[in-house]
Amino acid sequence: MTILENISLKPYNTFGIDVNAKYFVSVNSVEALKSVLALPEHTNYFIISGGSNILLTKDVNHLVIHLNIKGIHTVTKTETTTLVTAFAGENWHEFVLWTLNQNLAGIENLALIPGNVGTSPIQNIGAYGVELKDTFVECRALHIETQQIETFTNADCNFGYRTSIFKEKLKGQYIILEVTFKLYNKDYNLKTDYGAIKEQLQSMQIVNPTIQDVSNAVITIRESKLPNPKQIGNSGSFFKNPIVSKHKFNNLKLNFPEMPSYKLSADTVKIPAGWLIEHAGFKGKRFDNYGVHQDQALVLVNYGGAKGTDIYKLSNLIQLTIKRLYDIDLEAEVNII
Ligand code: EPU
C-alpha cells in the first residue's frame, strides 16, 4: 500500500474533471483501509469509490482513499432465492452482469447504472420501476470513529427516493464495505410495466421476456438516452425529480397544462425535472466544453476539459431559472465536493 502524491482524479470520477489529489491511496482490503485510516499524518481524508455521483470543484489538499475492495460470493441458496454478497469496490454494472450470468432475478432493471456496489445503498439507486431497496438485505459498514464493523438491515437504512440514512443522519460516519442482496432463482415477477421498457420489449418483439431480455431492453433505452461516461463525462441525473403538493401541482397545471407528473400519495406528486429543464430551454444547450445533454435534460455533461466550477455554476443557473419559472426548488442528486 503506497501513498502517492499529486495524482489527477480524472480517471476516478465519471464527470472526468481533472483536479488534483495531494495524496492518494488505493485500498483493496478492509485491513488496508483500517491501516490507512489509522495513519496519524492523514487524519483528513476523502473517500472515492466509483466516482459516479460527485462533482469535483477543487483540488483535494489532503488524502484521497480509493475504495477498491472487490469480490462477489453466494451466501446461501434456497429453492427460490439466493443471497449474494458483493464487496464495495465491485463495479455496479459488472455485478448486475454477474447476477444475470447466474440467472438470478432482481436487479436486471438496474443495468448500466454507473458507480460501485458500496455506494449503491447511499442514494438507493433506482431505475425503471426498481430500487436498490427492493433486493437489499443488509450491508456491513465500518464506523470511522470506533473502527467497528456494523451491520445495517434494510429497515435500519431508512431508504427513500434517492436517499438513505447514510446520506442523512449518518452522513460521513460510515464506510460501506459489502452489501448482501436477496435475488430470485425462480417464481419472480419481472418489472416490465414501466412505459419505456414495455415499448422496448414490444419493438424487440418479445412477449415472454427472460431476465436477460429485460436487462437488454434497459441497456438499449439507457444507451439511447444517457451519455456513456467513457465518451462524455457525466454523473447521470444531476438533480432529483422534485416532489410537490397536489395543490401546488394543480396550480402549475393551470399555466403549464402539459406538465407531466407521477402520483406519489394522496397529496403529493413527483414532477420529472427533465421536463422542467427542457421547457426552461436548457436541453442540448452547450456552453464551450460543458452543457446539458441533448437527449436527457436531467444530465449535465463535460465534453472534455470542463472545470467542476463551470458545471456547478450551470447547475445553479438551472436551479434559479426553475425557481423563477415554476417556483420549484431543484435539489442536486450529485454530491458537490
Ligand atoms: N423528460 C423531458 N425531457 C427530458 C427528459 C425527461 O420532458 O429531457 C420527461 C418526460 O416526460 C419523460 C419523463 O421526464 O417521460 C421521465 O424521463 P425518464 O424516463 O428519462 O426518467 P427521469 O425521471 O428523467 C429517472 C431517474 C433516472 C432513471 C430513470 C428511469 C431520477 C433523478 N432519475 O429519470 O436515474 O434512469 O428515471 O427510471 O430519479 C440517475 O439517478 O442517475 C438516473 C439516471
Side-chain angles (χ1 to χ4, degrees), residues 13-15 50-55 92-93 96 107-116 119-134 159-164 167 191-200 214-215 217-229 232-244 249 252-253 256-264 269-286 291-301 311 315 318-319 321-322 325-326 328-335:
N13 72 101
T14 61
F15 250 124
S52 64
N53 210 31
I54 49 172
L55 176 64
W92 175 263
H93 181 61
V96 173
I107 53 173
E108 56 283 348
N109 293 41
L110 305 181
L112 267 194
I113 294 188
N116 284 356
T119 39
S120 63
I122 298 178
Q123 61 152 348
N124 182 26
I125 57 170
Y128 310 107
V130 173
E131 287 183 311
L132 180 103
K133 70 170 173 55
D134 304 333
F159 288 123
Y161 166 59
R162 292 296 194 277
T163 193
S164 73
K167 219 178 157 174
K191 297 239 170 55
T192 56
D193 40 353
Y194 193 95
I197 295 197
K198 227 193 253 174
E199 286 160 26
Q200 185 57 36
V214 175
S215 86
V218 167
I219 289 171
T220 308
I221 302 164
R222 289 189 80 97
E223 283 180 340
S224 72
K225 281 210 287 193
L226 297 166
N228 179 345
I232 303 178
N234 76 90
S235 249
S237 302
F238 195 92
F239 301 101
K240 289 188 193 181
N241 287 328
I243 296 166
V244 301
F249 180 68
L252 281 164
K253 266 288 206 196
F256 307 98
E258 310 286 305
M259 188 182 282
S261 66
Y262 317 102
K263 186 177 167 199
L264 276 193
V269 296
K270 187 148 94 178
I271 302 176
W275 189 93
L276 300 173
I277 299 168
E278 176 173 345
H279 287 79
F282 283 105
K283 190 170 183 173
K285 210 160 184 123
R286 184 169 174 160
V292 178
H293 189 55
Q294 59 197 12
D295 301 320
Q296 219 315 358
L298 198 46
V299 178
L300 305 189
V301 290
I311 294 172
S315 76
I318 293 173
Q319 281 169 322
T321 311
I322 299 303
L325 291 178
Y326 312 103
I328 288 178
D329 292 306
L330 272 194
E331 194 190 328
E333 192 202 271
V334 168
N335 296 302

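Whatever order the structure lists ligands and atoms in, that order sets their numbers, starting from 1.
Contacts between Pro260 and ligand 1, counted as non-hydrogen atom pairs separated by less than 4.0 Å, involve the side chain only. At a 4.0 Å heavy-atom cut-off, ligand 1 does not touch His279 at all. When non-hydrogen atoms are compared, ligand 1 lies under 4.0 Å from the backbone of Gln296 as well as from its side chain. Under 4.0 Å from ligand 1, not a single heavy atom of Phe282 appears. Under 4.0 Å from ligand 1, the heavy atoms of Tyr194 that appear belong solely to its side chain.
The shortest separation from a heavy atom of Arg162 to ligand 1 is under 4.0 Å, placing the residue in contact. Residue Phe238 places every heavy atom at 4.0 Å or more from ligand 1. The closest approach between Gln123 and ligand 1 stays at or above 4.0 Å for every heavy atom of the residue.
Ligand 1 has an N or O atom lying under 3.5 Å from an N or O atom of Tyr161, backbone or side chain. Checked against a 3.5 angstrom limit, the closest N/O atoms of Leu298 and ligand 1 fall outside it. Close N/O approach between Asp295 and ligand 1 is not found [any backbone or side-chain N/O within under 3.5 Å].
In this structure, Lys270 has no side chain to side chain donor-acceptor pair (under 3.5 Å) partners at least two apart in sequence or on a different chain.
Shown in contact with Lys283 at under 4.0 Å from a heavy atom are these atoms of ligand 1, numbered in order with element: 3 (N), 4 (C), 8 (O). Near Pro272, with a cut-off below 4.0 Å to any heavy atom, the atoms of ligand 1 are 9 (C), 13 (C), 14 (O). Which parts of ligand 1 touch Gly236 is read off a 4.0 Å heavy-atom cut-off, strictly below it: atoms 42 (O). Atoms of ligand 1 lying under 4.0 Å from any heavy atom of Ala297, numbered from 1 in the order shown and given with element: 4 (C), 8 (O).
Around the NZ atom of Lys253, the shell of radius 6.0 Å holds more than 12 heavy atoms that belong to other residues, nucleotides or ligands.
For atom 33 (N) of ligand 1, the closest heavy atom belonging to the protein is Ser237 OG, 2.9 Å. Here the heavy atom of the protein found nearest to atom 18 (P) of ligand 1 is Lys225 NZ, 3.7 Å. Atom 38 (O) of ligand 1 has Tyr128 N, 2.6 Å as its closest protein atom, hydrogens excluded (heavy atom only). In this structure, the protein non-hydrogen atom closest to atom 16 (C) of ligand 1 is Tyr262 OH, 3.2 Å. For atom 4 (C) of ligand 1, the closest non-hydrogen atom on the protein side is Glu278 OE1, 3.4 Å.
No donor-acceptor pair closer than 3.5 Å links the side chain of Gln123 to the backbone N or O of Ile125.
Distance check on atom 26 (C) of ligand 1: some protein heavy atom falls below the 4.0 Å cut-off.
Residue Pro242 forms a side chain to side chain contact (heavy atoms under 4.5 Å, CB included) with just one option from Val269, Leu276, Ile322, and that option is Leu276.
Ring orientation note: the planes of Tyr326 and Trp275 are tilted relative to one another, at an angle of 30° to 60°.
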